[in-house]
Amino acid sequence: MSTNRDKLSSSISLFTTGLVLCTALCSVITATSDKPNIIIIMADDLGFDDVSFRGSNNFLTPNIDALAYSGVILNNLYAAPMCTPSRAALLTGKYPISTGMQHYVIVNDQPWGLPLNETTMAEIFRENGYRTSLLGKWHLGMSQRNFTPTQRGFDRHLGYLGAYVDYYTQSYEQKDKGFNGHDFRDNLKSTHDQVGHYVTDVLTDAAVQEIEDHGSGNKSQPLFLLLNHLAPHAGNEDNPLQAPADELARFDYIGNETHRIYAAMVSRLDKSVGMVIDALARQEMLQNSIVLFLSDNGGPTQGTHSTTASNYPLRGQKNTPWEGALRSSAAIWSTEFERLGSVWKQQIYIGDLLPTLAAGAGISLDPELHLDGLNLWSALKYGYESVEREIDHVLDEDLEEPHLSYTRGKWKVISGTTSQGLYDGWLGERVTSEVDPRSEEYEDLIRNTSVWQQLQRVSAGERNISELRDQARIECPDPATGIKPCMPLEAPCLFDIDADPCERSNLYEEYQNTTIFLDLWARIQQFAKQAHPPNNKPADSECDPRFYNNEWTWWKDEQRSSSGTIVGMKEVSFFLIFILTSRWIL
Ligand SMILES: *[C@@H]1O[C@H](CO)[C@@H](O)[C@H](O)[C@H]1NC(C)=O
Ligand SMILES: *[C@@H]1O[C@H](CO)[C@@H](O)[C@H](O)[C@H]1NC(C)=O
Ligand SMILES: *[C@@H]1O[C@H](CO)[C@@H](O)[C@H](O)[C@H]1NC(C)=O
Ligand SMILES: *[C@@H]1O[C@H](CO)[C@@H](O)[C@H](O)[C@H]1NC(C)=O
Ligand SMILES: *[C@@H]1O[C@H](CO)[C@@H](O)[C@H](O)[C@H]1NC(C)=O
Ligand SMILES: *[C@@H]1O[C@H](CO)[C@@H](O)[C@H](O)[C@H]1NC(C)=O
């Protein structure tokens with residue numbers, strides 16, 4: 001009896017041990033082989049209409065278009081209106097008001113960053129077995145070493161820490177303060193190897209290298225690659241738009257030189273998308289990858305850092321409360337999606353990407369993260385568009401220019417604006433007198449791209465290019481049917497963004513006393529009450545690159561040195577501790 005019982009219990013325990021072992025081992029096996037690679041290519045300040053998959057023929061972006069038509073066009077991906085808040089939302093899955101990142105951007109001489117107690121998407125993916133790599137722009141803080149990407153979840157960073165750099169010298173000049181320094185690093189070390197090389201190409205080559213190393217050396221580990229291009233953001237004030245001569249030569253048909261250079265900058269970015277997809281194909285990683293292309297915010301058509309970007313036909317531009325600031329040019333592709341070759345009109349917020357991609361990777365998130373972003377993976381996978389999304393786009397209680405922008409379903413509320421409303425108009429346009437000669441054979445051009453062919457190889461299917469291009473176009477009612485002006489500095493404005501994506505018809509007068517508007521307004525007040533105070537800090541002249549070998553660096557952790565050598569505080573304290581402890585030991 002007892003022996004039998006022992007046998008039974010020992011076989012149970014064997015079984016349990018086996019089960020435990022299997023759970024551990026099997027989860028290791030699934031963790032290292034089933035998770036998709038996540039490849040995110042993010043453009044900086046690319047206008048909503050600077051890609052050609054919505055019908056523009058001013059200059060074509062065949063690779064991005066081929067990705068878009070092969071995958072799912074995200075027609076309503078909402079980002080924040082500027083770089084820092086948008087990147088903070090992407091990497092935390094939270095609204096900028098939840099992390100204190102809502103006001104303006106981090107200027108290089110300001111000592112603040114994404115709060116250190118926030119968990120980043122890179123940390124989450126790394127914890128779940130991914131290799132995490134950031135190539136290009138960071139812009140979430142650099143005054144302390146702890147703010148920088150390799151301390152925030154990235155195994156690798158090649159790129160710059162600040163707002164932007166020159167396309168060839170990789171230096172950032174802050175003219176008003178007389179600061180000028182080099183800002184380009186390979187992990188924590190400054191590197192000058194790229195000086196003289198066009199930065200779009202430098203980052204593309206690094207991405208290709210990362211994919212090839214990964215594919216040839218370590219395919220069992222999934223890759224999380226965030227390729228944050230500089231393009232087509234303006235460079236330094238004295239020489240904002242820069243493009244290689246061979247690229248420029250393709251756009252002679254554009255008479256205005258500024259427009260021509262901009263077209264070439266975007267075209268080089270488009271090539272980058274092609275080369276990344278080719279590298280994934282060569283390494284046979286495409287089959288198991290999710291590839292996302294997006295812009296961090298709308299384009300700046302006029303004013304600061306303007307590039308002639310176009311958000312046509314949307315209203316406003318970067319750093320305004322309008323659709324032209326918020327809607328990102330975006331497309332996503334994965335063999336997981338059931339409706340490849342479609343336009344997805346579901347509203348999705350940039351902060352939704354963390355939980356959505358995590359779900360796509362089978363990562364379960366700790367509810368303690370308290371994300372604002374929603375997991376829209378199944379909606380994306382199956383192509384349904386029925387989730388009513390509430391998005392707090394902007395809630396900036398800055399005293400000089402308080403403004404807000406909020407959407408729930410089709411309703412959008414705006415109150416206040418930036419730059420006294422100077423950029424509140426419809427600023428972008430399509431030049432019909434100068435069209436890309438390649439547009440005559442547009443469909444052939446797309447089908448001839450290697451992107452198209454590679455994606456067809458792993459996800460074959462009929463795609464009606466002209467139909468998709470048509471569906472992705474933004475339809476706005478004829479302005480003749482009634483413009484009801486919005487004066488956001490005087491009173492709130494209300495728009496039906498589904499019927500009126502161009503924000504021409506302000507419905508506030510009609511709706512101001514209705515529960516529809518009052519509910520929206522009450523919800524906004526609730527957000528305002530919960531908002532984390534902005535983290536912004538005033539400029540600190542100690543950052544001056546002259547103190548640090550003409551490098552932008554984490555000046556709060558460095559001792560400036562007249563001899564030009566940089567001695568890290570950390571190293572100093574480590575050395576002191578070492579001396580002290582060795583004394584004790586001795
Ligand atoms: C980080 O700290 C700030 C204030 O110190 C707090 O408001 C915020 O909720 C914290 N965030 C997390 C994720 O714990
Ligand atoms: C491969 O992945 C393992 C596990 O993440 C890592 O430890 C190792 O350094 C990687 N090897 C190469 C060659 O990258
Ligand atoms: C070129 O375009 C820019 C921006 O649209 C404009 O400011 C400039 O005046 C144009 N230059 C010429 C020579 O037309
Ligand atoms: C597409 O490729 C075919 C075959 O190589 C070529 O004949 C044709 O001219 C190309 N068309 C375009 C628009 O590039
Ligand atoms: C593509 O769609 C358009 C418009 O819906 C239609 O006229 C055309 O025949 C379709 N082309 C093909 C090849 O199915
Ligand atoms: C809404 O209420 C305000 C203040 O009571 C009033 O002046 C206005 O006429 C009302 N508007 C409508 C459309 O009823």
Side-chain angles (χ1 to χ4, degrees), residues 45-47 49-50 52-53 56-66 69 232-235 237-243 248 250-267 270-271 274 298-312 317-318 324 411 413 415 422-423 425-457 463 465-466 469 484-487 490-494 496 505-522:
D45 281 9
L46 181 74
D49 205 40
D50 293 335
S52 48
F53 65 72
S56 171
N57 287 319
N58 291 358
F59 49 85
L60 301 180
T61 51
N63 295 302
I64 295 169
D65 295 12
Y69 302 135
H233 194 288
E237 216 173 302
D238 288 340
N239 191 6
L241 300 190
Q242 299 169 291
L248 259 179
R250 307 159 63 98
F251 297 94
D252 320 340
Y253 67 91
I254 301 179
N256 181 307
E257 195 191 4
T258 315
H259 288 257
R260 185 161 67 241
I261 303 175
Y262 185 66
M265 290 163 72
V266 175
S267 180
D270 179 68
K271 279 198 178 133
T301 312
Q302 300 174 6
T304 314
H305 299 313
S306 61
T307 55
T308 84
S310 173
N311 304 302
Y312 175 88
Q317 63 169 16
K318 175 185 178 181
W411 297 111
V413 178
S415 179
L422 199 56
Y423 307 115
W426 293 267
L427 307 168
E429 54 178 339
R430 279 187 185 167
V431 186
T432 48
S433 56
E434 287 176 343
V435 305
D436 196 320
R438 295 174 294 172
S439 60
E440 276 175 31
E441 290 179 278
Y442 178 76
E443 290 208 20
D444 274 353
L445 176 75
I446 302 301
R447 290 182 201 274
N448 271 7
T449 58
S450 165
V451 171
W452 179 272
Q453 286 159 16
Q454 299 296 355
L455 297 180
Q456 275 287 322
R457 212 167 47 84
R463 313 272 191 270
I465 291 180
S466 62
R469 206 177 187 206
K484 289 186 213 143
C486 154
M487 247 81 92
E490 284 161 30
C493 305
L494 178 71
D496 174 345
S505 189
N506 174 16
L507 304 173
Y508 175 71
E509 287 280 317
E510 273 166 65
Y511 281 86
Q512 58 175 310
N513 303 330
T514 64
T515 51
I516 290 178
F517 179 78
L518 295 172
D519 276 359
L520 298 167
W521 196 249

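Atoms within each ligand, like the ligands themselves, are counted from 1 in listed order. Hydrogens, waters and symmetry mates are skipped; everything else that's a heavy atom, side chains included, is used.
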Which of the atoms of ligand 4 are close to E441, meaning less than 4.0 Å from one of its heavy atoms?
13 (C)
Which residue and atom name correspond to the protein heavy atom nearest atom 1 (C) of ligand 4, and how close is it?
N448 ND2, 1.4 Å
N/O of N513 under 3.5 Å from N/O of ligand 6, yes or no?
yes
What pair of heavy atoms forms the shortest contact from S306 to T301, and how long is it?
CB-O, 3.4 Å
Here the atoms of ligand 6 under 4.0 Å from any heavy atom belonging to E509 are 13 (C)
When the ring centroid of W452 is compared with that of Y69, is the distance short of 6.0 Å?
no
Residue pair G299 / A309: nearest heavy atoms and the distance that separates them
CA-CB, 3.7 Å
Answer with yes or no whether the side chains of D50 and Y262 bring together a donor and an acceptor at under 3.5 Å.
yes
Is R260 positioned over the aromatic face of Y253, cation under 6.0 angstrom from the ring centre and no more than 45 degrees off axis?
no
Starting from atom 8 (C) of ligand 3, find the nearest protein heavy-atom neighbour and note its residue, name and distance.
N256 ND2, 3.7 Å
Report the C-alpha separation of N63 and D270 in whole Å, then their side-chain angles, then the decisive distance to 0.1 Å, and conclude whether the side chain to side chain donor-acceptor pair (under 3.5 Å) test is met.
CA-CA 6 Å; N63 295 302; D270 179 68; 3.0 Å; yes
Would atom 14 (O) of ligand 3 count as contacted, meaning some protein heavy atom under 4.0 Å?
yes
Looking at atom 11 (N) of ligand 6, tell me if a protein heavy atom falls under 4.0 Å from it.
yes
Ignoring hydrogens, tell whether any protein atom lies closer than 4.0 Å to atom 5 (O) of ligand 6; use the non-hydrogen atoms only.
no
Atoms of ligand 3 close to H259 [distance to a heavy atom under 4.0 angstrom, numbered from 1]:
1 (C), 2 (O), 4 (C), 5 (O)
Between D444 and ligand 4, is there a nitrogen or oxygen pair with a distance under 3.5 Å?
no
When you compare the side chains of S52 and D65, does any donor N or O come within less than 3.5 Å of an acceptor on the partner?
yes
